[in-house]
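Contents: one structure, followed by commentary.
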Amino acid sequence: MEKYFAARKTEEVGSAILKKTEDYFEYLAATGRYSLLERSYFQYFRALDHLGQLHRAGEKLEFTKISVNHYRNLLQHLLVMTTSQRPAFEAKATNNDYKSQAECILAQGLLDYYMVEKRLEKHLKTGVETSLWSGEGYITLEWDASEGREYGADEGELIKDGDIVVKNFGPLEVVFDVTSQDVSKIDWYIIIEYKNRHELAAKYKKFKKQIYEIGRTDIRDKFSQRLNMSEFQDSDQIPVYTFYHRPTMAVPGGRIVEMLTPETVLIDNELPYKEMPVYRISPNEQAQSPFGYSVAFDLLPMQETLDGLHSTAVTNISTFGVQNIAVPMGNNNPVVAVEGGLNMIEFDPQLGPPQPLQLSATGQETYAYMANIEAQMETLSGVNSVSRGNPEASLKSGAALALVQSMAIQFASGLQASYAALLEDVGTGIINILQEYASTPRISMIAGKSNRSLMKQWTKADLSTISRVIVDMGNPLNRTTAGKVNMAE
């Protein structure tokens, strides 16, 4: 009987994890999803390609390329509309007694503390942004005993009280079972992360020799360059594979495996958290698939078409913009007679005067189609002209502007719901980890009475009754400037 790969022994599980990773990227390459993500990435971060310059193309470099990136602008507006208002966390306790209510206040204050002081809000926004151009964004939480404040020493080594580390990952850094049909029931994830070999050697002294022998390789290099990093052969960064499996009947207690190669397994333990600390956001779900879907995928070919049209117009203008003079055959005017300015030019009336040769004109159909594509992109994304700060002339009243802008926000309600779910899951995950590992007394600055700062000492015992975190996103109309002005009036 074949044994489940996630239940294999330490000396066998590394090879199985690497095989799952290879299969995942082969699937992405075979289905074209890898190519889609690459195109979307380089369109969203277009400056990485053109470096702020016009580019020449063609066999004789006769074509001038320019990018007018509405694609990024529209996705940025969706990002801002979704994340502009800071959410209000509300912790829920298992009881309603005084102690439990006091713990709820502390938990809410700690989450606000992590949002501001620990830059959790930045990670959340990065997750939303990644999901917009790639269909999926991921956030991981892990307890790191080497973080936090120093409070003691053991055999000459400093001991810290530990803290939560928040990280962001994209779809090419998170591997999962592509045959799953329900994203909410994914059993395992493999996180691919680059870490400094010297830091790893200092942390895992037992594997120091193996760590320094490992070259900078990555399974993804079989298919393409990494999207966010150039290749440096002498880099100190090496890939680390972290495998999480949720507690199931086949894997009781769950499992966490951290490895460099099948032969170098750094960690192999039961899952040290209540749940897998991997949290996902997607603007929309792809039916009967564990993959996400973004409106960016629909906008991408339109943006590529728009770039082509703008490049055509720029090529025309830059190539033929300087005027040439056409004269009838037999005209005795030398070319030098029209150089510079303030020249008197004689011509034969029988042959006619010199005429400007107009080659730079681009057909009005081209400009009309450009405008049409821009309008179609706004329609598909739900980001209207009001949201982009360029309202139509017919929209003059504050009420009309507020209504149109709120419609854009309502269109993005699917993304906002996914963002709210991410906030709740991450908030609950943070409290769960603190309940488990925040053993030493620690002091945090939280919001006290009338929102004034309050220094509070606490331990995990002060969070024992918290069971869940929910989020209040507020009224969508209140998030728009036009809406606020109209309501004030």
Charged N-O contact under 4.0 Å between [X] and [Y]:
{"X": "E26", "Y": "K19", "answer": "no"}
{"X": "K3", "Y": "E12", "answer": "no"}
{"X": "K195", "Y": "E258", "answer": "yes"}

With a 3.5 Å cut-off and no angle check, do the side chains of [X] and [Y] form a donor-acceptor pair?
{"X": "E136", "Y": "S282", "result": "no"}
{"X": "D161", "Y": "Y437", "result": "no"}
{"X": "S100", "Y": "D97", "result": "yes"}
{"X": "H123", "Y": "Y114", "result": "no"}

Does Y113 have K118 sitting over its ring (NZ/CZ under 6.0 Å from centre, angle to axis within 45°)?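 Judged by the rule, K118 and Y113 form no cation-pi pair.
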Within 45° of the axis and under 6.0 Å from the centre of the six-membered ring of W188, does NZ or CZ of R246 qualify?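 No, R246 does not sit over the ring of W188.
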Is it the case that more than 12 heavy atoms not belonging to [X] sit under 6.0 Å from its [atom1] atom?
{"X": "N96", "atom1": "CG", "value": "no"}
{"X": "K99", "atom1": "NZ", "value": "yes"}
{"X": "R119", "atom1": "CZ", "value": "no"}

Are the side chain of [X] and the backbone of [Y] linked by a donor-acceptor contact shorter than 3.5 Å?
{"X": "E270", "Y": "R255", "value": "no"}
{"X": "E147", "Y": "G162", "value": "no"}
{"X": "Q435", "Y": "K460", "value": "no"}

Just so I know, are the side chains of [X] and [Y] near enough to count as touching, which here means a heavy-atom distance under 4.5 Å?
{"X": "T130", "Y": "P171", "result": "yes"}
{"X": "T428", "Y": "I470", "result": "no"}
{"X": "D307", "Y": "Q43", "result": "yes"}

List the residues meeting salt bridge (Lys or Arg N to Asp or Glu O under 4.0 Å) with [X], not counting sequence neighbours, and say none if there are none.
{"X": "E90", "value": "K92"}
{"X": "E304", "value": "R39"}
{"X": "D462", "value": "none"}
{"X": "R56", "value": "none"}

T83 vs L124, side chain to side chain contact (heavy atoms under 4.5 Å, CB included): CA-CA, chis, key distance, verdict: CA-CA 9 Å; T83 63; L124 291 165; over 6 Å; no
Please assess Y27 against T31 for the test side chain to side chain contact (heavy atoms under 4.5 Å, CB included), listing each intermediate value before the final yes or no. CA-CA 6 Å; Y27 177 86; T31 58; 3.7 Å; yes
Given L300, L75, N69, L132, the one that forms side-chain contact (heavy atoms from CB on, under 4.5 Å) with Y44: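 Of all the options given, the one that passes is L75.
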As a quick check of understanding, evaluate side chain to side chain donor-acceptor pair (under 3.5 Å) for D268 and T10, giving each step before the final call. CA-CA 7 Å; D268 186 5; T10 300; 2.4 Å; yes
Taking only residues two or more places apart in sequence, or in another chain, which ones meet R33 in a side chain to side chain donor-acceptor pair (under 3.5 Å)?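 For R33, the residues satisfying side chain to side chain donor-acceptor pair (under 3.5 Å) (neighbours in sequence not counted) are Q286.
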What are the two closest heavy atoms between G137 and S131, and how far apart are they?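 In this case the closest contact between G137 and S131 is N-CB, 3.6 Å.
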With side chain to side chain donor-acceptor pair (under 3.5 Å) as the criterion, how do H198 and D236 come out once you've worked through the C-alpha distance, each side chain's angles and the decisive distance to 0.1 Å? CA-CA 7 Å; H198 303 289; D236 291 324; 3.2 Å; yes
Applying side chain to side chain contact (heavy atoms under 4.5 Å, CB included), run through I164 and L434 and close with a yes or a no. CA-CA 8 Å; I164 296 174; L434 293 176; 3.9 Å; yes
Do any pairs count as a salt bridge (charged side-chain N to carboxylate O under 4.0 Å, His left out) and have a residue in residues 425-434, sequence neighbours left out, and if so which ones?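 Residue pairs with at least one partner in residues 425-434: D425-R468.
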Distance flag, aromatic centroids of Y41 and W133, threshold under 6.0 Å: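 For W133 and Y41, the ring centres are under 6.0 Å apart.
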Examine F169 together with Y279 and report whether their ring centres are nearer than 6.0 Å.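 Between F169 and Y279, the centre distance exceeds or equals 6.0 Å.
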